[in-house]
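Quick caveat: nothing in here was measured; it's all calculated off a predicted structure. Every chain is numbered from 1 and lettered A, B, ... according to where its sequence line falls, protein lines coming before strand lines.
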Amino acid sequence: MIDALYYDGLSATAHPVTLTFSPQSLTLNHGGALRSIPRAQLALGEPFARAGLALALPGGGRIEVHSGREELLALLNYRPGRIERLQAHWPGAFAGMLAMLCALWFGYHHGIPAATEHLAEAMPVDVELSIGAAAETALTDKGLLVPSRLSDERLAELQALFKRLQPAAPRLPLRLVVSSAPAIRANAFALPNGTIVLADELVRLAMGADNQWDREAERMVAGVLAHEIAHVEQRHNVRVLARSSLLLGGSWALFGDFSAVAAGLPALVAQMSYSRDMETEADAYAVALLRKNGYSAGDLADLFELLDQYVRSKGLNAEDELPRWMRDSLSYLGSHPAMDERVSTLRDMQDEEDPVE
Amino acid sequence: MESTHIEPGFDQAAERELDAVFTGSGAEYFRIWIVNLSLTVLTLGIYSAWAKVRRLQYFDRNTVLDGASFDFHGKPWAVLRGRLLAVGLALGYHYGFGFSANTGLAIIVALLLALPLLLRGALRFRLSNTSYRGLHLGFSGTARQAYLAYLPMILLFTLPTLLQGIGAPLAVVGLAGLLWVSWPACHGLFKCYQHQHIQYGNLDSRTGATATEFFGPYMKASLVGVLGAFALAAIGGIAAAAIGGEAATYLPIMAGLATAYVAYLASGPFLQASITNLMWNQTDFQGVRFESTMAPWPYIRLQAKNAILTLLTLGLYRPFAAVATYRYRLAHMAVLAIVPAGTVVAATATGASAAGDGAADLLDFDISW
């Protein structure tokens, strides 16, 4: 006999009742009035450690038992489900946590890259072309694609260089646009539709103080162009899009319960690190293109060193004023790997090349 | 719709405070939370709907008011539907303008039209699936009222993006940004909507609060944030000067970051506490009223402790934090009732919904998290 409170679903009054069980049914004794309910029609809410037990009755009534829980659970022949058993004991909980950490690690290192690849592969070329075209229009509107102010001769040389560097059968038709917009500074970037934008400033930087289009300048610009061609060939823009969608969705689904700050952060950090892998990948592809045309990995390294000096001279980079531990963590968090790392990787590649000259 | 009126014969002195207890514990909830989180990850998020139902049941059934506990009856499939819809909407909003200005515009218009209804749906889902003493709660706000309550907030959020997407000049986008000063009132509008239409059995809630009352708490909270920022900046500056040398260069950066975070940590809870008090002290059902006594500074300390411990434990403290917060909030909410429980009866349901708006309801979608 168990004491309980009965709510009839018609009013909020609590009716004290006693419960007795038989093999087939539960009998409710409400001040003398008896009501019999078949066991099969009873629905027990998931028992929590110190919450009252809640039994839903057919027809909208409800019984709450606050003392005598264990007795009631025994009488009901209650068998906790698998998940409830995991939740009830610390080993189960930690086993679950371990499984989750493994799944997250696996997802991060294999699942997301694989899914990104599939998404990127599945994306039709038309989509890339239209996204790229839209981006180009937007850039032109913002005044970032202003015609170059280099001489026609120089431009012709650049176009010829570009043509030589292109792979025999590019994935998309590639096009070189040289822009004099000061906002880009000494930079180059690739759009998904195969348009590669090169800034005047970068060309001038490569030509050096003597403003000569010499073999050295040609080699460094070749390095940049090869790197950008690599980004297009390897569909990096599309992969970034796919990757950021997956990460955004993933971290939102998993951690959306956290505050808004936390929800954004995991995705942001993971995203940055992928971009680093992609830049490294682009460097490797670029080196292959360069070597095919008689250049070397050292050319790209030279350019990066030049860029680094340039950026520092303009006071644009505060990184070198920071202590090394901070610089390292920033470089992991930054969207481009630290120049030092990339340069040293490229120098290693340069050493592998046969010393022909 | 039937509602009880308090007869003049009721003895005001008979008002009693209902005893409120939370029987849950951080340790127990941690185990539930971690297992459910693991399952959610392993099922790529699908299980999150079952996890949410379990979480709501845990908090509802462990809340004992006047000897009776609440309960949550929502079905996981309904939650899952709502979540998939929410994800779809979010993606559409995120990528709409990437395709074309027209697609972006179409998506924003669709959101403007649908969001108030979906938010009302979420309220209805949460409330009508919650019961206390065998009677269900409900939400009787109409769709029209939902538009009036939610559109200002939605417009505030989407106008800058919308203008940018159609290529409006930066000055216009900037002006749209200025509209943000009205945010407290927008917040107040929908909070008042929420508190004005809660049902419990045949009782209806009503609130005397107005949207403009929200400016006060917001201004105080901003002050708290600004003062906190100044204080930290000053400390940072003094420390940097004292230590000198290399530290002087990057200490300001760290101090700056810490300042921003602390401002957020202090003014956020301050605001929450103020608004909770503001709304609940002016909300009552017929014969039941509330006294919310959340004190801003103890609450700030609690949330700061929660935040620090959560950060230090890489998130593992979160379920403990949730329980601590819930316990605090429950301890500072007094429910005072004049009417005995027996006078509250089940709402007389008229047809499909007790809300009385007549329109056929889509299956209520729960898009809240």
Undergrad: Under the 3.5 angstrom rule, does the side chain of E28(B) hit a backbone N or O of A49(A) as a donor-acceptor pair?
TA: yes

Undergrad: Determine the minimum heavy-atom distance between V35(B) and G92(A), stating which atoms define it.
TA: CG2-O, 4.5 Å

Undergrad: Determine whether more than 12 heavy atoms belonging to other residues, nucleotides or ligands lie under 6.0 Å from atom NE2 of H30(A).
TA: yes

Undergrad: Please look at L316(B) and chain A and tell me whether the side chain, the backbone, both or neither of the residue comes under 4.5 angstrom of a heavy atom of that chain.
TA: side chain

Undergrad: Who passes side-chain contact (heavy atoms from CB on, under 4.5 Å) against L271(B), sequence neighbours left out?
TA: P217(B), Y218(B), A221(B), I275(B)

Undergrad: Can you tell me which portion of A322(B) sits under 4.5 Å from chain A's heavy atoms? Options are side chain, backbone, both or neither.
TA: neither

Undergrad: Take atom CG in L170(B); do more than 12 heavy atoms of anything else shown fall under 6.0 Å from it?
TA: no

Undergrad: Below 4.5 Å, heavy-atom pairs only: which of L86(A), L10(A), L98(A) has the largest tally toward chain B?
TA: L10(A)

Undergrad: Suppose a student defines contact as a heavy atom less than 4.5 Å from any heavy atom of chain B. Which residues in residues 63-73 of chain A would they list?
TA: E64(A), H66(A)

Undergrad: For P47(A), is it the side chain, the backbone, both, or neither that has a heavy atom closer than 4.5 Å to a heavy atom of chain B?
TA: backbone

Undergrad: Taking atom CZ of R31(B) and atom CE of M97(A), what is their separation to the nearest 0.5 Å?
TA: 13.0 Å

Undergrad: Pick whichever of E46(A), Q87(A), M100(A) has the most heavy-atom pairs under 4.5 Å with chain B.
TA: Q87(A)

Undergrad: Output the option from G96(A), S11(A), A95(A), G111(A) having the highest count of non-hydrogen pairs under 4.5 Å with chain B.
TA: S11(A)

Undergrad: Taking side chain as everything from C-beta outward and backbone as N, CA, C, O, which of these in V345(B) sits under 4.5 Å from a heavy atom of chain A? Side chain, backbone, both or neither.
TA: both

Undergrad: Verify, without hydrogens or angle tests, whether R50(A) (side chain) and T23(B) (backbone) share a donor-acceptor contact under 3.5 angstrom.
TA: yes

Undergrad: Quick check for you: among I83(A), L101(A), L5(A), which has the greatest number of heavy-atom pairs under 4.5 Å with chain B?
TA: I83(A)

Undergrad: To the closest 0.5 Å, what do you measure between OH (Y132(B)) and OH (Y7(A))?
TA: 6.5 Å

Undergrad: Compare every heavy atom of R62(A) with every heavy atom of S131(B), then report the nearest pair and how far apart it is.
TA: OG-NH1, 4.4 Å

Undergrad: Taking only heavy atoms into account, what residues of residues 66-73 of chain B are found under 4.5 Å from chain A?
TA: G67(B), A68(B), S69(B), F70(B), D71(B), H73(B)

Undergrad: Which residues pass the side-chain contact (heavy atoms from CB on, under 4.5 Å) test with A88(A), sequence neighbours left out?
TA: none

Undergrad: Measuring heavy-atom distances to chain A, does Y200(B) have an atom under 4.5 Å in its side chain, in its backbone, in both, or in neither?
TA: side chain

Undergrad: Heavy-atom pairs under 4.5 Å with chain A: which of V64(B), I32(B), L42(B) has the most?
TA: I32(B)

Undergrad: How are the rings of F94(A) and F30(B) set to each other: parallel, tilted or perpendicular (split at 30° and 60°)?
TA: tilted

